[in-house]
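As structure tokens, the structure follows; a few thoughts come after it.
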Amino acid sequence: MSEENNTASQPVSQPSSAGALEALDEREYSEEEFASMMSLYEDTMSNITEGEIVAGTVLAVAENTVVVDIGFKSEGAIPLSEFADPSEVEVGQEIEVYLEDVEDQEGQIVLSKQKADFMRVWDRIKDAYDSDQIVEGRLVRRIKGGIVVDLFGVDAFLPGSQIDIKQVKNFDQFIGEVFPFRIIKLNKNRRNIVVSRRVVLEAERERLRKQILQTLEVGQVREGAVKNITDFGAFIDLGGLDGLLHITDISWGRIGHPSEVLSIGDDVQVKVLNYDEERERISLGMKQLTPHPWENIEEKYPVGDRVDGKVVSITDYGAFVELEQGVEGLVHISEMSWTQHIRHPSKLVSIGDQLKVVILNVDKEGQKISLGMKQTTDDPWLSLDEKYPVGTRLTGLVRNLVNFGAFVEIEEGIDGLVHISDMSWTRRVRHPSDVVKKGEQVDVVVLNIDKKRRRISLGHKQTIENPWSELAVQYAVGKTTEGRISRLLERGVVVDLTGDVEGFIPVSQLGLSDLQTPQTHFSEQDELPLKVVEFDEEQRKIVLSVKEYLRDAEQAEIDAYIESHKPKPITVGEVVGDAAEPEATAGDADSDSDSRAGAESTSEADDAESTGDVKPVAQPEGSAEAPAEAAETGSNGDVTDDDAPSAAETSGTEDETEAASKPEA
């Protein structure tokens, strides 16, 4: 019992750690088993080294990470984004990873799938870069400045400028495509790989260019693609070499811009028109692949045929009408209407209008076709003389006034000319506005119709009887009357008489001695007592005399007349006017005659608002003759036949010269 207590009171000695292991080994493992296990453990540790690629097994796939066991004391986590196709990662899958660190701050190993992939293909990429080889890659996703390319399982960068030869605006169109590339930049430390597709395309383009240059000949037909479009044409890529397709060689027809026919990227067939080997410039044509539209043109469009066409252009002188692609004809402004005076073709037609026209002429050599619009309807002038025989009385609208007469519309589009000499039997008409006004209705008589020259001569005075037979009684020689001065001439004065008729008083018959010019003693609107000394019905003139009237007057009346017509001061302007008046007066009759002759050369533009097609013709017999030379005063102071003005000075000339004609087209 004591021995037991002594033993319990004494402390029990603890074995050392080494001894404990030895005791454990002695109880559980033999020495041989323990040595084998230690050897295996040491071999495992020696195979896992930082900076190397190791094999691993996927243990789990989380939302953003993949857990991988590489046979170390702990597992490693790899971001799911490092896998090229995350959807293909599965538990149990054997993969290769790169061991970056055996133990980080948290005691975990650090693994990388991307680096493992990069290390595996680096040698292959390096060889391709050194030997300038072409490699294939798939465009994966777009990033800033370019596109990420899957190259042998690693990411490479394709800059936007290296995607294609031409500028690319939409990168997304290439995503998922597989293209050949050339590696243009490599940095192993930064794992930076830059590739280019443009370099590959340029090399292929150059190869094709040399091939084309060796076989290119004028007249060849080649396939190409529209590369660029300009205002003057389109550039066609023949496969390494560009050619110019000029706008004039795109179509036989009229086109305003190449984009009306072509679009960038279109595949087209073209013909080689010219090739400059030294400058490497190629001229191409598309229209040359189709027959020339002017071949057999006379058979397709015989003169006189009525055809349909479209207005494609309008100019000041007419309208161009397209009959078919590449074939156009001109409708001259003079061929648009039988009757209307057309100031501009746009008044009748517009671009795009569909018209019926008649072929007037075909010039195959000059590639010109003359067309007519008015020829599609009957010519109203052919039956106008039957519709309006000479002598027909009409009422028309005054359309326009000119110096030599008035244009009167007798029906729509048909105008005739009332010459100034056919406006009044008795009055000296200086301007048509003295008798008629623009826009008013007037009565006229058809005097003549010239169908060939398309002119109608009308008369206004012929609507009433000739009053000169009655005036012969009213103003018989020896009768006294009164008149109001209307014009002062150097050789006398013209007075207005009752009955809307004029008379003439020579200077020698004004009843004043030593009278040189009427302007010194008389004024317009002065009332004068008169006696008729000559009446010529045929020449339509009345000559009057104050002197003869005063022979039978009382002395008091004579004195009063002389007193009222004393000399008056003359201004410089009157002197100048006096010098010019005789010349103008003496030529009055000639000016009326010239108005008809001058009208022959008057163009339609001078009569912008009237119908240019209708012009006056020669006056019928019986019209007044041209005036004689200026009257002179007899040396004995008596009235001579030459003292009185001719009919032209009192009622207007009726020269037979015709009026304005239509200019030739």
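The model shown is predicted, which means the values in this text are computed figures rather than measured ones. Basis for what follows: all heavy atoms, side chains included, without hydrogens, waters or symmetry-related copies.
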Other residues, nucleotides and ligands only: do more than 12 of their heavy atoms fall within 6.0 Å of [atom1] on [X]?
X      : atom1 : answer
Glu537 : CD    : yes
Gln516 : CD    : no
Glu554 : CD    : no
Gln441 : CD    : yes
Glu440 : CD    : yes
Lys364 : NZ    : yes

Going by heavy atoms in the side chains, are [X] and [Y] under 4.5 Å from each other?
X      : Y      : result
Lys374 : Met336 : no
Glu328 : Leu323 : no
Val358 : Leu371 : no
Thr315 : Pro345 : no
Val546 : Leu550 : yes
Glu465 : Trp425 : no
Trp294 : Ile369 : yes
Asp536 : Ile542 : no

Polar side-chain atom of [X] near backbone of [Y] as donor-acceptor pair, under 3.5 Å:
X      : Y      : value
Asp249 : His246 : no
Ser486 : Val494 : yes
Lys479 : Val473 : yes
Gln367 : Asp363 : no
Thr517 : Glu490 : no
Ser350 : Asp353 : no
Asp450 : Arg453 : yes
Lys437 : Ser433 : yes

Going through the distances and angles, do Ile250 and Leu262 end up as a side chain to side chain contact (heavy atoms under 4.5 Å, CB included)? CA-CA 9 Å; Ile250 294 176; Leu262 302 172; 4.2 Å; yes
Report the C-alpha separation of Gln555 and Asp559 in whole Å, then their side-chain angles, then the decisive distance to 0.1 Å, and conclude whether the side chain to side chain donor-acceptor pair (under 3.5 Å) test is met. CA-CA 6 Å; Gln555 186 62 42; Asp559 293 341; 2.8 Å; yes
For [Y], is there an ion pair with [X] - N to carboxylate O distance below 4.0 angstrom?
X      : Y      : value
Lys451 : Asp385 : yes
Lys387 : Glu411 : yes
Asp308 : Lys356 : yes
Lys566 : Glu563 : yes
Lys300 : Glu324 : yes

Qualifying residues under side-chain hydrogen bond (donor to acceptor under 3.5 Å, both in side chains), relative to Thr498, sequence neighbours excluded: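 Thr498 satisfies side-chain hydrogen bond (donor to acceptor under 3.5 Å, both in side chains) with no other residue.
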Between NE2 of His344 and CD1 of Ile314, what distance do you get to the nearest 0.5 Å?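 Reported to 0.5 Å precision, the distance equals 7.5 Å.
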Taking only residues two or more places apart in sequence or in another chain, which ones pass ring-ring contact (aromatic ring centres under 6.0 Å, His included) with Phe535?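 Scan of Phe535 (ring-ring contact (aromatic ring centres under 6.0 Å, His included), adjacent residues dropped) gives Trp468.
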For His565, ring-ring contact (aromatic ring centres under 6.0 Å, His included) partners two or more places apart: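 Checked His565 against ring-ring contact (aromatic ring centres under 6.0 Å, His included); matches are Phe522, Tyr561.
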Any donor-acceptor pair under 3.5 Å linking the side-chain atoms of His460 with those of Asp443?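 Asp443 vs His460: no donor-acceptor pair found between side chains.
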Between Glu557 and Tyr549, is there a side-chain donor-acceptor contact under 3.5 Å, judged purely by atom types and distance? yes
Please name the residue in the list Leu330, Val331, Leu360 that meets the side chain to side chain contact (heavy atoms under 4.5 Å, CB included) test with Ser370. Leu360
Does the pair Ser251 and Gln325 meet the rule for a side chain to side chain donor-acceptor pair (under 3.5 Å), with working shown? CA-CA 8 Å; Ser251 171; Gln325 192 175 52; 3.2 Å; yes
